[in-house]
Amino acid sequence: MSDSTGNLLSSSDREAVVEALNAALDHGECERRAWRAAVGAFLERHPTTSLFTAERLVTCVVRQALDAQSPAATV
């Protein structure tokens, strides 16, 4: 099964995004600000990436991280 970001992101990029998100949440930020921190972390690593693209990529990574933490739904 391929993920929605394909091979666009390295594992270190994914880790940096998730770490920034978790750090912001651990410091009491709301989910929206934590997501914004994750976007900022991605843009620090890739400053020539457009904000639009960074937001979409971070959203995919965050969703994947949340899906990995959630137990699989059974029907």
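Just so you know, these numbers use all the heavy atoms, side chains as well, and skip hydrogens, waters and symmetry mates.
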For this session: Could you please spell out the steps behind the side chain to side chain contact (heavy atoms under 4.5 Å, CB included) verdict for His46 and Asp13?
Result: CA-CA 9 Å; His46 302 280; Asp13 285 338; 3.0 Å; yes
Exercise. Under the side chain to side chain contact (heavy atoms under 4.5 Å, CB included) criterion, do Phe42 and Leu9 qualify, and how do the steps go?
Worked result: CA-CA 10 Å; Phe42 183 83; Leu9 296 178; 3.2 Å; yes
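By the side-chain contact (heavy atoms from CB on, under 4.5 Å) test, Ala34 pairs with Leu21, Ala24, Leu25, sequence neighbours left out. Residues passing the salt bridge (Lys or Arg N to Asp or Glu O under 4.0 Å) test with Arg63, sequence neighbours excluded: none. Remark: Thr48 pairs with no residue by the side-chain contact (heavy atoms from CB on, under 4.5 Å) rule, at least two apart or across chains.
Between Ser12 and Arg45, the closest side-chain pair of non-hydrogen atoms falls below 4.5 Å.
For the atom pair Gln64 CD and Thr59 OG1, the distance stands at 11.0 Å (nearest 0.5 Å). In this structure, OG1 on Thr49 lies 12.5 Å from CD on Glu44, to the nearest 0.5 angstrom.
In this structure, Arg36 pairs ionically with Glu55, as a charged nitrogen and a carboxylate oxygen lie closer than 4.0 Å.
The hydrophobic clustering, which links ILVMFWY residues whose side-chain heavy atoms are closer than 4.5 Å, places Leu57 and Phe52 apart.
A pairwise comparison of heavy atoms in Ala54 and Val39 identifies CB-CG1, 4.2 Å as the closest pair. The minimum heavy-atom distance linking Ser50 with Leu43 is given by the pair O-CD2, 4.2 Å.
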